[in-house]
Each structure stands twice: as structure tokens, then as C-alpha cells.
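Counting starts at 1 for both ligands and their atoms, following the listed order.
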Amino acid sequence: MKFLSLNLLLIFLSFTVYSNDGYKLWLQYYKIDNPQSWQIDKLTQYKVNGSSPTLDIIQGEIQRASQGFFSPKPEGSSKNPKLLISKISDLDQKGFLLDSHKIKELGPDGFAIQELGDKQNDKTTLITANTDIGLLYGTFHLLQMIQRNTPVPKEGVFQSPKIQHRVLNHWDNLDRTVERGYSGFSIWNWHRLPRHIDQQYHDYARANASIGINGTVLTNVNANSLVLTPEYLEKVKALADVFRPYGIKVYLTARFSSPIEIGKLSTADPLNGEVQNWWKDKAKEVYEYIPDFGGFVVKADSEGQPGPHNYGRTQADGANMLADALKPFGGIVMWRAFVYSENTPDDRHKQAYNEFKPLDGLFRDNVIVQVKNGAIDFQPREPFHPMFGAMPKTPLMMEFQITQEYLGHDTHMAFLAPMYEEVLREDTFANGKGSEVSKVIDGSLHSNSITAMAGVANIGTDRNWTGHHFHQANWFAYGRLAWNPNESSEKIADEWLRLTFTNDDDFVTPIRKIMLGSREMVVNYMTPLGLHHIMARSHHYGPGPWVTGGSRADWTSTYYHQASEQGIGFDRTSSGSNALAQYAKELQTNWGNLNSIPEEYLLWFHHVPWDHQLKNGDTLWEGLAKHYQKGVDEARSNIKTWESIKNKIDGERFAHTLSFMKIQAEEAQWWRDACLLYFGQFSKMPLPQGVEQPLHNLEYYINYNPKNVPGI
Ligand code: BDP
């Protein structure tokens, strides 16, 4: 009997000690083994100057962290603080020991962390900033350093974001479904709002603040005008009130036809006075509920959404009307450039550029044009969008997709920081060499006064927020890159792993390697060598290179891969659609030439014969097949690596990740087999050595059609 109860106790203990559902994200605040006095002192002898809801959050955060880091929690005193958190304006001796030049540069969101005093044991750490929000960012930064056992460097830490508006875009519908969302339902429980404020709203805001995100667009770009009615504005206000002390502003998507749908007007023509007044009144009403409302995001004239085209007007006419309505209250318009025709008159790649470039300089100063990272649609790899660098008189913001619509949804691990980094580092050559996309986005290339970045969120009601535990890293990475587009993927992965799992190098080193290679692995087993848009119709989950016909050519795979017995790839050079002409001369020369184009873009810009010789001597067909096989091999070997770290982390996240990795390896094979069987019909060449024979025949894959895939 005794033996039995001891056993039960042990089982219970192992469950409680070792289970972790991931809800705490990178804010685990797990126990630090053998903490050093510098770590303990700061969090037990601290002082926060002043009082405000944000400063209360800071206090709470420090207490929470020290409770987690040190057990039992050491007693401290605030008489002789070892950590002082104070706005610059509240410091006794203004700016003491701080370089005034550096302080100026901190701006509204930046912070400084510095050790004051000379003697080792008599040091006080100062976190200072111009605003409470800056202090909050600084506090999170210091807590993360403590968790990672990284002392404050002698020269201190001075940080301020390079981008002003760092927003998440939720493609969440009012019925709580999430377009392209794979982690459950929307976390906004509209029905219960405004009377019930769920704890998760606080946790959401806290997580965002910890990585510098300062805005949230609550609703889907395929918008519903209902959200602009008083019934919903009450609810939006309730969320905005929760988010405010965390420094997060709320934005909404504005459906262009709202004046008709909820305003009972007969038109939504942006040049019509009544319509303009309707939006002015609406903006005023919104600001009565939410005085610091961020502004509107608009998807117009795209995929069935109404827009200025319906009235023969331009995108600038539409954007400016809304900008004028928001201007008196300080709001901005994020006007999306994802505009392409229902009739496919031209290569879809070219359409946004053709539409927007002539409008350069015609937008109001509170409009920023939101451009996806590539010209098609969040593919596993796309060259950067040619609009970047091409509109010097218009601020452009980056739209990245964090949710993995085209990268395996919830189950496939793909750490996206290397993809974001790749795009941000590309040179547009707009002002000669050194005109990277990041400089367009941070406003430095064209001296823009408004800067922003958007990430389409991967957050839902799953206990761990993002479905795959490792997809939390993509939310984290997005925030970090929006703060500083020059941050390295490697550093981001390293820090995320240490904060989320453990500081043990035996875990971090191999798993960081897996993370950093994972996006390329997905490219390999889905769309190597510049292939794109060859996924299954509608849900976009599995392979579908055979997808053809239907209402629109540019929603099919055959339109993009152009496979025939002669070869494969979309000719976007001057002999084809000439989308290449939208890029700078330097890129036209480099990418236009089969010998100099980086092979990862080969089939994006060129139609190439199957026996074309790649740089390593393989034919195109051999290379293609080997890339697919490489992706599969890597997905399989990742399982082995993961199994080898089993005893380094909690059992729950270990098992969850393992089972997703197994799904990923199986589905990598699915992609490989389906694509190689399909393209093999045209190449008529055998699979090269080292590439496995497919499990089934082509017909099997064409007929395999998973039902009720989420997120549509
Ligand atoms: C595509 C999605 C679609 C979105 C659209 C957009 O398939 O669901 O509405 O982009 O960004 O990626 O507007």
C-alpha cells in the first residue's frame, strides 16, 4: 500500500515537474541553477521610481521573474537598490553618468541599461528611458539577460527600435475563425467582450511587449464592416484598455464598402463628399472610444474585396480619403499593395508595381503602403518585392507572414527568421549599392518620417498559442526583427531557445542548428530552385503541381511552373513577362543571366530545359530531384537529433515536438514523391542515384485530398 502511494506520488511529481504546455512562451522564468549574486541582487533589491499602470506591470514582472529564477525566493530590500528603474526625467541627478547624446537617441521607445559605481560589490544597475514603455522594454531586456546568464556589458546596453509601428496583423474573423490560422480559433472572444476580460489578453500583450511589438490589427484583411459599429467598438475599446499599459495600440481593418453596408449610403466612392464625411464621422466616433487608436489597414481591389477601382478611382484616392478622416486624431492608414486583377491580364508578379509606382508621391503623409515581402504571396522563397526601392516618395512597410500558409501550417517546423533576414538584406540598388530592403523599411534610404512592419500572426487558442512549440520562435523572431531589422537569425534562435527551454549548450547547440536550417529544408522538399505556388488548391497544405483550370489562371500551379517536355520555370526575362525589368539594372543583369542568377531563383525568372547544367554539373532534373531528397533526409535526421536531447527538457514539449517532427518527415516525403512524379512526366528522365523511389503512383497523390484542413 505504502509502496503504491509512493509510486503514485512519484508519478504525480514527475508530471508536475516535467510537464510544460508551452503557454508561458519565452517568458518561462525557469529556475537558474546556482544563481550568482549579481543576478539575485538586482531582482531582490530594486526600486521603481514613480507610479503608473505600466510601472505596476514592471514591478509585477520582476517579482514573477525572481520567483521563477530563485527558489526559495531570497529576501531583499529596496533601501539600497541594486537595480534602479527610472525615467530620465525622474532621476535625482538628471542623466548622471549617462551620455546625453545617447539619451537623445533613445527616443520614445528606447532604453538604456547601465552599471553605475566602480566597486564590484557596490554596483547599481540603472534602467532608464524617456517613457514608461521604454522602461518596460528595458526591464524585459534585463530579465532575459539574467535568464540567459549574460551580465550587463561595461559599456551598457542602449537600444531603440529602428521601426516605429511594429504590428501584428490578425486575420481573425468576428466568428472567431482565423483565415490561414492553424492554432485553433481566434483569441478574441467577441461574444464575451466587453464584459469579460480574459487573462489571455493580458498575457498576449505582455508577450508582445517583451519583444517590442507595439500594435495589433485585430481583424482580418478580408474585412467585416460590423467591427466599425458601436456594438463592436465597445468591445474593441475593452481590448485597447487592456493593451494600453503594455504600449500596444489597436488598429482595425476598414472594409471599403462600409459606408454602404453600415452607413446606408448608396456609394463608397472616395471622391464623393458624403462618403468622405461618413468616414470623418466614423473616425471621430472610433477615437471617442479609443483615444489612441492606431488607424486602419485596408485590403482593397483584391481577391473580391471592394475598393476604389469600383468607382474608377486610384489606390491613392482611396487611401487619402481615409487618411484625411484619421489625420485630426493622429491615426495612420496602412494601405495594402496586394492588389491584382480578377482577370489575370498580366503576370501577377508585375501588377502591384504597375499599379502603385505611378502613384508615388500622391499619398498623404499619414499613409504607408504595406507591401508583402515578395510579389506573389508568402511562398517558401521569393525574391524581394520590386516595389521596395521603387517608390522613393512614399513610405513602404514590410508585410511578413508569420502563420505558415505555404510552409506546412502548424506541423512543419520552419524557423522563419532566416527568410525574413534574407529579404531584409537584399540590395535593391535604388540609390546604388548598399540600398538594402531594410533601409527602405526603416526609412533611412528615402528619409521617410513614418516607418512600420507587419507580421501576419500565427496565434490562436491552442494552449501553446502557435500549434507547434517552435512556431513561437517565429512570433518572437518577427518582434525582434521589427525592432531591429539588422538582428541576426542565429542570435534570435539562440536567445529564444535559452529563454524557452534551457540554457544548456548540449541542448541549444544542436537544436539551434536544426532551427536555422529548417526553412531551407522546407524550401527543398516543397519548392526548390525557384519553384513557387505549386501547392494544393484552396487550403494550400500539401503539394498540387497538377492544379490547373478553374476561375483564375493565377490561382493554379501550371501557370507558375510552366512545366512541359521542353523544360520548367516562369520566364520573367525580356523574352517572357519581363517582370525582371521592375528591378534595378544591376539585378536585371545578374538575375537575367542563366550563368549568374543565384540558383535559388532560377525557375522564378527562367524557363529552363531539363538538361540545363547546374553549377555542380548536375542536370536541372537531377538537381531538382536531389533537392527534394535533401529536404526529406533532413526532416528525418532532425527526428534523431531531437531524440538525442530527450532528457534535457520537459517531457510534454519533447513529445509534442517529436510527434510533429514525424508528421513533417512523412509529409516532406509526400511533397517529394508527388512533385517528382508529376514533373517526371515531362522530364522523362530517371531519378538520379540517392533519390528514393516514390511510395505510390501519381494518381494516388492527385486523388489524396485531406478534408477540413483549417484556416480557409
Ligand atoms: C493570401 C491568402 C488569403 C489572404 C490574402 C491576402 O491565401 O487568404 O486573404 O493572401 O493577403 O496569402 O490578402
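- Protein residues with any heavy atom under 4.0 Å from ligand 1: W171, E179, R180, V221, N222, K299, E303, R336, F338, K372, D377, E405, Y406, H540.
- Under a cutoff of 6.0 Å and an axis angle of 45°, K235 and Y232 form a cation-pi pair.
- Just one residue in the list W483, W496, W475 forms a side-chain contact (heavy atoms from CB on, under 4.5 Å) with I211, and that residue is W475.
- A cation-pi arrangement is present between R572 and W604, with the terminal nitrogen or guanidinium carbon under 6.0 Å from the aromatic centre and inside a 45° cone about the axis.
- Between the side chains of H412 and Q404, not a single donor N or O lies within less than 3.5 Å of an accepting N or O.
- Taking each heavy atom of A337 and A352 in turn, the nearest pair found is O-CB, 3.2 Å.
- Judged by the 6.0 Å and 45° rule, R348 forms a cation-pi pair with Y340.
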